[in-house]
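Here's the structure, in structure tokens; my notes come after.
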Amino acid sequence: MRRKREKTDRRTLITCGMIRNALLELLKSTSYSKITVALLCRQAGITRATFYQHYENIDVVVDELPACRRAASNTRYRTLFMDDDLSPLILKKLYEREHDSQTARIKELYHVNQKDADMILMKGLLHER
């Protein structure tokens, strides 16, 4: 899912930033599964109508959070990985984003086929836990 509009005017960028920041703040004290659009809007200081102008649902907001390898070490984003409901979603998104580049790298380094590269990647991910 993507944001409803890909506008990049200043007001849109500010509003979307407020929504993302509000979500990060809420995650410090509230489980992801308990966060509603109404709660998120209250935290961000916006109306539900404003939220729905930019996003279809809260999952789309999560898609816009900087989910990268270093996110877990950044204290601002650590709450994403601490929430039992949200961390599997974040890990799945990280895997989807990194899969192609990492398997290509594995194939090049170890001279293996795609299936073997997938298996090596999965074993590496499971071993890191």
Side-chain angles (χ1 to χ4, degrees):
M1 277 185 223
R2 304 233 359 116
R3 193 182 329 160
K4 282 191 171 182
R5 290 187 227 163
E6 291 298 322
K7 288 173 105 178
T8 54
D9 68 46
R10 195 165 141 191
R11 290 177 301 166
T12 298
L13 294 174
I14 290 169
T15 302
C16 291
M18 289 170 48
I19 294 168
R20 288 190 302 270
N21 288 337
L23 179 59
L24 290 171
E25 282 301 311
L26 284 171
L27 286 168
K28 291 178 182 177
S29 60
T30 309
S31 171
Y32 179 70
S33 62
K34 304 250 189 261
I35 296 174
T36 63
V37 171
L39 183 61
L40 182 56
C41 290
R42 245 179 277 130
Q43 180 73 27
I46 62 168
T47 65
R48 288 171 54 97
T50 299
F51 176 88
Y52 286 114
Q53 282 179 334
H54 301 287
Y55 298 102
E56 292 178 21
N57 56 49
I58 297 173
D59 290 341
V60 181
V61 179
V62 171
D63 288 344
E64 287 193 357
L65 294 173
C68 58
R69 279 182 248 168
R70 64 185 176 275
S73 63
N74 184 324
T75 54
R76 184 169 183 213
Y77 301 111
R78 192 169 292 146
T79 55
L80 298 174
F81 296 92
M82 302 302 282
D83 186 287
D84 290 337
D85 298 320
L86 187 55
S87 62
L89 177 65
I90 295 295
L91 292 173
K92 179 180 180 236
K93 289 181 185 309
L94 283 170
Y95 176 80
E96 289 168 354
R97 284 190 183 149
E98 296 294 322
H99 176 268
D100 292 344
S101 65
Q102 293 302 318
T103 54
R105 189 168 162 233
I106 290 168
K107 285 167 51 177
E108 184 179 318
L109 283 171
Y110 299 106
H111 306 289
V112 296
N113 61 29
Q114 183 66 41
K115 183 179 176 184
D116 290 339
D118 286 334
M119 191 167 50
I120 291 168
L121 178 63
M122 287 306 296
K123 282 185 179 182
L125 292 173
L126 294 173
H127 181 61
E128 287 179 9
R129 285 182 156 205

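Because only heavy atoms are used, hydrogens play no part in the values below, and waters and symmetry mates are left out as well, while side chains stay in. The structure presented is a predicted model; accordingly, all values stated were derived computationally and were not measured.
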Supply the atom-to-atom distance Arg20 CZ to His54 NE2, rounded to the nearest 0.5 angstrom.
11.0 Å
Which distance, rounded to the nearest 0.5 Å, do you find between the CG of Leu23 and the CG of Leu27?
4.5 Å
With Asn113, which residues qualify under side chain to side chain contact (heavy atoms under 4.5 Å, CB included), at least two apart?
Lys115, Asp116
As a test of understanding, state which of Asp59, Asp84, Asp85 forms a side chain to side chain donor-acceptor pair (under 3.5 Å) with Tyr32.
Asp59
Before accepting this row, confirm whether a basic side-chain N of the pair Lys28/Glu25 lies closer than 4.0 Å to the acidic partner's carboxylate O.
yes
With Asp118, which residues qualify under side chain to side chain contact (heavy atoms under 4.5 Å, CB included), at least two apart?
His99, Thr103, Gln114
Residues that Ser29 engages under side chain to side chain contact (heavy atoms under 4.5 Å, CB included), provided they are two or more places apart:
none
In a table with atom names and distances, give each donor-acceptor pair under 3.5 Å that connects a side chain of residues 35-48 to protein atoms at least two apart or in another chain.
| unit_1 | atom_1 | unit_2 | atom_2 | d |
| --- | --- | --- | --- | --- |
| Thr36 | OG1 | Leu39 | N | 3.0 |
| Thr47 | OG1 | Thr50 | N | 3.1 |
| Thr47 | OG1 | Thr50 | OG1 | 3.0 |

